[in-house]
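Reading through the structure tokens given below for one structure.
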Amino acid sequence: MSTVARTDASEIAVHWKEEEYIQPSARFIGQANLTDPGVVERFTEEKFPECFREYADLLTWDEYWHTTLDTSRPPFWKWFVGGRLNASYNCVDRHLAAHKNKAALIFVPEAETEPAHALTYQELYTRVNEVAAVLRDFCGLTAGDRVTIHMPMILELPITMLACARLGIIHSVVFGGFSGEAAGLRAADSDSRVMIYADAYYRNGKLIDHKANADIAVRTAEGEGQRIEKVLVWRRHPGQDLTNAAMVPGRDYYMDDLLKGYRRVKVAPVSVESEHPLFLMYTSGSTGKPKGCQHRTGGYLAYVTGTAKYYQDLHPEDVYWCMADIGWITGHSYIVYGPLALGATSVIFEGVPNYPDAGRPWRIAEQLDVNIFHTSPTAIRMLRKAGPDEPAKYAYRFKHMTTVGEPIEPEAWRWYHEVVGKGEAVIVDTWWQTETGGFLITTKPALDPMKAGSAGPPALGIFPVIYDENGKEIPGGSGKAGNICIRNPWPSIMQTIWKDDDRFVRQYYAKYCRNPKSTDWRDWPYFAADGAVLAPDGYYRILGRVDDVINVAGHRIGTKEVESACLTVPQVAEAAVVPVVDEIRGRMPTIYVSLKPGVADPQKVSEQIVATVETIIGKIARPKGVHIVPDLPKTRSGKIMRRILAAISNRMDTGDVTTLANPEIVEQIRKQVQGEGPVEMQEGPEDVKHFGEQE
Ligand code: WT7
């Protein structure tokens with residue numbers, strides 16, 4: 001793996017060379033949405049916040065808004081105040097006049113024997129209406145209610161989301177790969193009384209029985225005091241029974257059965273205020289409980305539509321494929337809402353990229369003539385490893401590619417550019433977060449040159465700053481890293497953490513707020529919890545998380561969530577989870593535990609820990625290793641020193657350990673993990689170096 005920039009300027013020269021600029025092709029520029037360099041002038045700080053009218057005007061408003069930004073109650077910003085709109089109308093109905101026969105979504109099943117299926121805007125309209133009728137008339141749901149959707153990548157997922165949006169119901173989609181327990185906890189947190197599932201789906205050549213998770217989720221939610229009245233179950237093959245889990249009478253309903261009663265029913269889109277919440281998306285933070293990031297309708301939709309148009313260069317005639325999962329923010333913003341608001345064609349792929357082989361994505365690209373492709377560094381590394389020469393075998397041609405989710409090493413970037421993009425596609429490396437709703441740092445594809453490994457300049461209307469721990473600005477070109485913050489609000493910043501305004505303020509604003517009484521947005525920088533360095537040319541290079549969150553394959557896993565899962569194994573006394581560098585997945589959690597006295601079979605406990613983590617959180621959190629150790633290194637006040645364990649797991653210098661309560665344990669653990677002989681020490685990436693530092 002390549003190295004990441006260091007905090008110390010003298011080291012940067014050694015470990016990180018400035019990459020060269022690569023210019024977009026004339027062919028790309030010739031057709032791009034955003035080619036006017038004057039756009040930068042339209043989005044300067046003097047033009048803020050009015051500049052975002054340009055994005056809002058991409059939408060159809062039932063009632064036009066009067067105030068762009070209301071800062072009267074910081075940091076609970078309000079955008080496009082006075083406006084009313086409906087997200088489902090904007091993503092579906094308004095395209096019927098010009099594009100009703102155009103594919104809105106193309107579903108690609110995992111099995112290559114099952115044909116791809118295109119859904120036109122007209123068909124999408126019909127299906128969204130029918131599902132909305134079920135939600136309204138059968139479930140009795142109305143605007144403001146929450147519904148938890150735990151579904152895989154099938155067409156019915158975006159259809160269900162849009163049906164919720166049509167009624168102003170706040171959807172909370174939980175990634176299909178998460179466990180039933182994880183879904184149940186999220187359903188309880190959002191007070192959902194309806195959950196929506198699929199019975200089964202294909203993954204890695206296997207049919208996964210997903211309905212079983214619904215039963216676990218309902219039980220978990222009820223354990224938290226939240227009764228789930230109804231579970232709606234989409235069938236992967238309507239009419240066929242694919243699940244072994246029984247349908248609970250009076251609670252579970254197959255959607256294909258229910259829909260028979262709602263054929264051709266039309267449901268008028270419910271016009272909601274700009275600030276009406278559109279959805280919740282749970283994400284891991286630095287304390288155990290996942291945070292329900294609450295996103296608004298107007299500002300969110302305007303921002304993702306504008307950024308999909310300018311940075312992804314979506315045109316209605318493009319075929320766009322984002323290989324992420326809709327269960328993450330990437331999928332919400334850049335598979336569903338942004339592309340559909342633009343009337344584009346968005347591909348939904350059920351399977352995994354390397355099944356049955358690493359040529360699969362490129363066969364899909366060739367078959368559907370995909371010309372815009374979007375994926376993560378993890379997928380890029382994996383496909384590069386499994387089939388470096390595969391892309392050349394297929395006759396697709398990308399004009400544009402995106403990478404998102406974690407820092408990408410220049411080597412992986414170059415393979416993406418030269419081999420996947422055939423040296424022709426322009427690349428945007430987009431930095432953002434679940435909380436931010438849309439891209440915050442990225443090159444403008446036809447206007448800015450690319451630089452491997454750098455996300456690039458700020459997105460239009462976004463004014464970042466890098467602060468040190470004391471709130472002093474670290475200037476560009478200093479070679480020093482610090483905490484990247486955004487000085488200003490923007491339309492798709494989350495509204496709050498669901499039911500937890502205090503935690504929202506604490507997590508994102510308390511650290512650098514200059515004056516809690518001020519209603520001037522300039523006093524409220526947004527703290528992103530990522531490290532970054534700013535090059536002299538104004539390009540940002542993102543170094544990774546500064547809090548105790550592990551970025552696994554581009555997704556945040558909370559350390560404390562994994563630790564509390566470990567502690568449910570009865571033999572475990574204490575647990576500490578740290579990131580370890582992984583060639584493909586970027587980082588993976590590694591678990592250190594000490595056991596209660598008298599445990600006979602530690603090997604069995606290890607296996608139990610792995611199984612438990614998979615059950616409680618999901619396979620995404622599967623540890624790279626489990627180390628059963630006699631004790632964990634602790635400070636004199638009893639805090640577990642995760643930083644030291646991270647150093648051991650990554651063969652980095654553990655630093656001074658003499659002030660610990662039990663310094664001798666460090667060497668003992670080191671020998672256990674690294675072996676007796678001498679080991680070559682590594683410099684280690686920035687996020688691992690500083691892991692758990694605030695403890
Ligand atoms: C974290 C957010 C944003 C959608 C997917 C992940 C890391 C994201 C980049 C990038 C370097 C990146 C950051 C960020 N990250 N994009 N282009 N370069 N790092 O959403 O799960 O909320 O994670 O992913 O560390 O804070 P998320």
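The chain is numbered in sequence order, starting from 1. Both ligands and their constituent atoms are indexed starting at 1 by order of listing.
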Who pairs with Glu424 by salt bridge (charged side-chain N to carboxylate O under 4.0 Å, His left out), at least two apart in sequence or on another chain?
Arg27, Arg397

With a 4.5 Å limit on heavy-atom distance, are the side chains of Asp189 and Tyr282 in contact?
yes

Sole candidate of Tyr526, Trp77, Trp79, Trp521 that passes ring pair (Phe, Tyr, Trp, His ring centres under 6.0 Å) when paired with Trp490:
Tyr526

Scan Arg587, Arg545, Arg643 and name whichever one has a salt bridge (Lys or Arg N to Asp or Glu O under 4.0 Å) with Asp687.
Arg587

For ligand 1, what are the residues with a heavy-atom contact below 4.0 Å?
Ile329, Thr330, Val404, Gly405, Glu406, Pro407, Asp429, Thr430, Trp431, Trp432, Gln433, Thr434, Asp530, Ile542, Arg545, Asn551, Gly554, Arg556

Report the distance from atom CG of Leu278 to atom CD1 of Ile170, rounding to the nearest 0.5 Å.
9.0 Å

Ring geometry between Tyr300 and Phe279 (parallel below 30°, tilted from 30 to 60°, perpendicular above 60°):
perpendicular

